[in-house]
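Only one structure is covered here, and it is reproduced in the block below.
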Amino acid sequence: MPAETHSHRGPVDRAELERIVHEQLAEILEVDLEAVTNDARLRDDLDADDYALLELAEAVEGELGDRMVGLAIDDEDLADWHTVRDAVECIAAGLEQANDAEVRS
């Protein structure tokens, strides 16, 4: 089967996804990793703007793209990201959809 239709490694678990999101946010926003908690409000606590959230979505898609082909984070979903937890939940849902699509193929 063509490589682009299958992931190269196993699915991402919740702890790994949170680690990836936290590390990417800390790097993008140039804040200490300790400041990035699941309850942190993206705009109020971390000073994230729309561009930073878009950059986060693209970074996560890039980092997980080789493991979960078909992962796509809709730009419209970014408006619903109020906390770090919201971002993680949205990305986790995208991973589940990509995994379901991969299993069906």
Side-chain angles (χ1 to χ4, degrees):
M1 299 217 168
E4 58 274 352
T5 62
H6 295 280
S7 61
H8 298 287
R9 294 185 277 167
V12 178
D13 67 17
R14 180 59 174 237
E16 184 177 9
L17 176 58
E18 286 182 5
R19 178 191 59 77
I20 291 167
V21 169
H22 289 211
E23 288 175 356
Q24 291 293 334
L25 266 174
E27 183 176 326
I28 291 165
L29 299 174
E30 298 178 352
V31 298
D32 289 332
L33 185 57
E34 294 79 31
V36 182
T37 65
N38 282 334
D39 292 325
R41 293 171 297 172
L42 291 164
R43 288 172 175 79
D44 296 333
D45 298 336
L46 299 175
D47 294 325
D49 59 14
D50 291 340
Y51 180 74
L53 298 182
L54 181 60
E55 195 174 347
L56 171 63
E58 290 173 354
V60 170
E61 286 174 341
E63 186 160 339
L64 297 179
D66 69 327
R67 295 176 65 177
M68 193 57 57
V69 173
L71 171 63
I73 301 166
D74 191 335
D75 293 350
E76 293 177 9
D77 290 336
L78 304 181
D80 295 330
W81 292 7
H82 304 289
T83 64
V84 174
R85 180 176 285 108
D86 292 338
V88 171
E89 292 291 335
C90 179
I91 296 166
L95 286 169
E96 286 181 31
Q97 289 176 343
N99 186 49
D100 289 347
E102 185 172 306
V103 168
R104 285 183 295 223
S105 62

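Just so you know, these numbers use all the heavy atoms, side chains as well, and skip hydrogens, waters and symmetry mates. The model shown is predicted, which means the values in this text are computed figures rather than measured ones.
In this structure, the side chain to side chain contact (heavy atoms under 4.5 Å, CB included) partners of Ala52, at least two apart in sequence or on a different chain, are Ile28, Leu29, Ala48, Asp49. Annotation: side chain to side chain contact (heavy atoms under 4.5 Å, CB included) contacts of Asp45 (sequence neighbours excluded): Ala40, Arg41. Remark: Asp50 engages Arg43 in a side chain to side chain donor-acceptor pair (under 3.5 Å) (not counting sequence neighbours).
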Residues 20-27, side-chain donor-acceptor partners within the protein, below 3.5 Å, at least two apart:
unit_1 : atom_1 : unit_2 : atom_2 : d
His22  : ND1    : Val36  : O      : 3.0
His22  : NE2    : Asn38  : OD1    : 2.9
Glu23  : OE1    : Arg19  : NH1    : 2.9
Gln24  : NE2    : Glu63  : OE1    : 2.9

Sequence neighbours left out, cut at 3.5 Å: what donor-acceptor pairs do the side chains of residues 88-95 make with other protein atoms?
unit_1 : atom_1 : unit_2 : atom_2 : d
Glu89  : OE2    : Arg14  : NH1    : 3.4
Glu89  : OE2    : Arg14  : NH2    : 2.5

Could you pull out all donor-acceptor pairs under 3.5 Å where a side-chain atom in residues 53-62 meets a protein atom, sequence neighbours excluded?
unit_1 : atom_1 : unit_2 : atom_2 : d
Glu61  : OE2    : Ile73  : N      : 2.6

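In this structure, Asp13 contributes its side chain and Glu16 its backbone to a donor-acceptor pair below 3.5 Å.
Counting only heavy atoms from C-beta outward, the side chains of Leu42 and Val84 approach each other to under 4.5 Å.
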